[in-house]
*Asks:* 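Pasting in a structure now, in structure tokens, and then I'll have a few things to ask.
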2 protein chains.
Amino acid sequence: MKKLINNPRYVVEEMIEGYVLAHPNHVRQLSENARSIVTAKETREGKVGVLIGGGSGHEPAFMGYVGDGMADGVAVGNIFASPPPDPILEATKVIDKGEGVVYIYGNYAGDLMNFSMAAELADLESGIKVGSVIVTDDVASAPKDEMEKRRGIAGEFFVTKAAGAAADKGFGFDDVVRIAQKANDSMRTMGVGLTPCSLPQTGKPSFELEENEMEIGLGHHGEPGLEKGELQPADQVVDRLVRDIFADMPIESGEKVAVLVNGLGSTTRMELYIMFRRVKHLLNEKGIVIHRSYVGDYSTSLEMGGASITIMKLDDELAELVDHPADCAMYTQK
Amino acid sequence: MKKLINNPRYVVEEMIEGYVLAHPNHVRQLSENARSIVTAKETREGKVGVLIGGGSGHEPAFMGYVGDGMADGVAVGNIFASPPPDPILEATKVIDKGEGVVYIYGNYAGDLMNFSMAAELADLESGIKVGSVIVTDDVASAPKDEMEKRRGIAGEFFVTKAAGAAADKGFGFDDVVRIAQKANDSMRTMGVGLTPCSLPQTGKPSFELEENEMEIGLGHHGEPGLEKGELQPADQVVDRLVRDIFADMPIESGEKVAVLVNGLGSTTRMELYIMFRRVKHLLNEKGIVIHRSYVGDYSTSLEMGGASITIMKLDDELAELVDHPADCAMYTQK
């Protein structure tokens, strides 16, 4: 598969270099570690820090979400691979303003290990208090009685949004942790894959699907989903994804939600809006109110084809946090 | 090629429906014509209107650029096809606040015919003054002594940005026209295509390139470019594109520019930032100052693979307009 890159070994370094050069008013790279990026703004003393991170290849996640009202720092891993403890630790030291740092990351073995190690080192070396919220929104990745096995996918955007807004509004450490956990517990994601991506190092497709085949529940690194089948019209695909979400997270008429229809990379906005339209119809039928909608590429898998739907239930507190403004290099909300 | 759509005949209608349902605070569809979308906000009397439009399939262009500091309305055509005069005319009537409306559109036969006809009708039927600025940023589409034949591509974003900001700041009709024209005359775009898109109606690739082949100067509907050749490393591709831009638009050390590295659909942000990095190095070498950078999918060709680079020279007036805030459903700048 063709890519506009140079040496495949240095794609992440070159991407980070381009990113920091393009947005000097938003982000800066730490001299202590080239894989640590923090907000370019002065962060006020006493603000709880929010740190995100994970593998590369999901842009704008994660590095695109550093900025006002979102994360204060990010640790950038290799493609589809967790960052090691070092960049996490260095970013933690810089963004801590005396009230601790909250880590938000997806439920993957490498991330769990490395973020936990960084948290321990932050405490040992610098006495920084660290809280961790593990994102587990992917319904398809494990059954309901094994929630702790579920992976994190596009819904991490909502957790970062809610926690970042809370921290920006001056919430204390325990409350930022509570908000991040509530955001995670209040939402579910279901995705569908159509076409694979390829890793720059190998150029080989990450999985195989027949022409005219789709895979429901495909993971965002190409992990196997629930089932493969013939590609259906968009409305039927959406019906299936939303049905699985509500089977897992019952919802009552009159409840308020935020919706994210996320593209995996090569899926057009046209398709995403066609999908959103059906989501809106289904929620209307159930008497559910969409408080705010996000449609676009929020968490990709390189150039994978497909999409995911995330629905987050909102109480008044979460609704206010979702509405809070944000200003990042890859995402701005007024 | 697989797509998440329903009936291919209704993709544009369903996309518009989803778009308007997703962003009721930003846009509304006119009851007079389903292909006319205008800002949902109250526009103040005396503001010069800015109207954009063109074929669908380029999202976020064009409908994503309706909002504060950008366009007041858009006319939405079928995929890769100009909107007819009717939706242009209806949007014109609604966004005119007594001081006239400025049309901004790409240099394509269908658009020229339909926007000109709408302008005549707006004058005849409602006495609305209309100005038109035709975007012609694609260096590859015609030689320098036939500028009037050049097509408009991603640079239309900059023309809309500058004119939209000018109108928002209260510039008069003649000045908004002047600014749009100056923005167009001050910039050039060069693109490269790697992989085709397919029209929903046919499912067939829009052009053919060999595995490991690229096409310099490919148009954003798949129009033939300057030459095909073996895919080069990103840095060499950027060197070529930037060289062609500066051969066409000489620039001096110390000048200020805005840069847009635009993805055509399925090209990852990783690749776009790697390309931006090289643009920045080249401009540094020449002593050219990047005042503001845009990296992402600003004007796509469905799921086409490839990218374009736009460089706009900025005098102080254009720089201030580029910095002006904007708030659209698909693009927000603080």
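Proteins come first, then strands; the chains are lettered A, B, ... in the order of their sequence lines, and each starts at number 1.
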*Asks:* Output the donor-acceptor atom pairs between chain A and chain B under 3.5 Å, with atom names and distances to 0.1 Å.
*Replies:*
| unit_1 | atom_1 | unit_2 | atom_2 | d |
| --- | --- | --- | --- | --- |
| A:Lys2 | NZ | B:Leu194 | O | 2.5 |
| A:Lys2 | NZ | B:Glu210 | O | 2.9 |
| A:Lys2 | NZ | B:Glu213 | O | 2.8 |
| A:Leu4 | N | B:Glu271 | OE1 | 2.8 |
| A:Ile5 | O | B:Ala234 | N | 2.8 |
| A:Asn6 | OD1 | B:Ala234 | N | 3.2 |
| A:Asn6 | OD1 | B:Asp235 | N | 2.9 |
| A:Asn6 | ND2 | B:Asp235 | OD1 | 2.8 |
| A:Glu17 | OE1 | B:Arg277 | NE | 3.1 |
| A:Glu17 | OE2 | B:His281 | NE2 | 2.7 |
| A:His23 | NE2 | B:Tyr273 | OH | 2.7 |
| A:Leu194 | O | B:Lys2 | NZ | 2.5 |
| A:Glu210 | O | B:Lys2 | NZ | 3.0 |
| A:Glu213 | O | B:Lys2 | NZ | 2.8 |
| A:Ala234 | N | B:Ile5 | O | 2.8 |
| A:Ala234 | N | B:Asn6 | OD1 | 3.2 |
| A:Asp235 | N | B:Asn6 | OD1 | 2.9 |
| A:Asp235 | OD1 | B:Asn6 | ND2 | 2.8 |
| A:Glu271 | OE1 | B:Leu4 | N | 2.8 |
| A:Tyr273 | OH | B:His23 | NE2 | 2.7 |
| A:Arg277 | NE | B:Glu17 | OE1 | 3.1 |
| A:His281 | NE2 | B:Glu17 | OE2 | 2.7 |

*Asks:* Tell me every residue that passes side chain to side chain contact (heavy atoms under 4.5 Å, CB included) with A:Pro325, counting only those two or more places apart in sequence or in another chain.
*Replies:* none
*Asks:* Could you check which of A:Ala22, A:Pro24, A:Pro233 has the highest count of heavy-atom pairs closer than 4.5 Å to chain B?
*Replies:* A:Ala22
*Asks:* Quick check: do B:Met270 and A:Ile79 have side-chain heavy atoms less than 4.5 Å from each other?
*Replies:*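 Yes - at least one pair of side-chain heavy atoms lies under 4.5 Å apart.
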*Asks:* Out of A:Val295, A:Val259, A:Val11, which one racks up the most heavy-atom pairs below 4.5 Å with chain B?
*Replies:*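 Ranked by contacts with chain B, first place is A:Val11.
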*Asks:* Which atoms of B:Val237 are under 4.5 Å from chain A, going by heavy atoms: the side chain, the backbone, both sets, or neither?
*Replies:* side chain
*Asks:* Just so I know, are the side chains of B:Leu4 and A:Ile274 near enough to count as touching, which here means a heavy-atom distance under 4.5 Å?
*Replies:* no
*Asks:* Tell me, side chain or backbone of B:Ile290 under 4.5 Å from chain A's heavy atoms, or both, or neither?
*Replies:* neither
*Asks:* Between B:Leu302, B:Leu231, B:Leu194, which shows the greatest number of heavy-atom pairs under 4.5 Å with chain A?
*Replies:* B:Leu194
*Asks:* In terms of heavy-atom proximity below 4.5 Å to chain A, should B:Val261 be classed as side chain, backbone, both, or neither?
*Replies:*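 For B:Val261, there is no contact with chain A at all, as no heavy atom is under 4.5 Å.
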*Asks:* In terms of heavy-atom proximity below 4.5 Å to chain A, should B:Met304 be classed as side chain, backbone, both, or neither?
*Replies:* neither
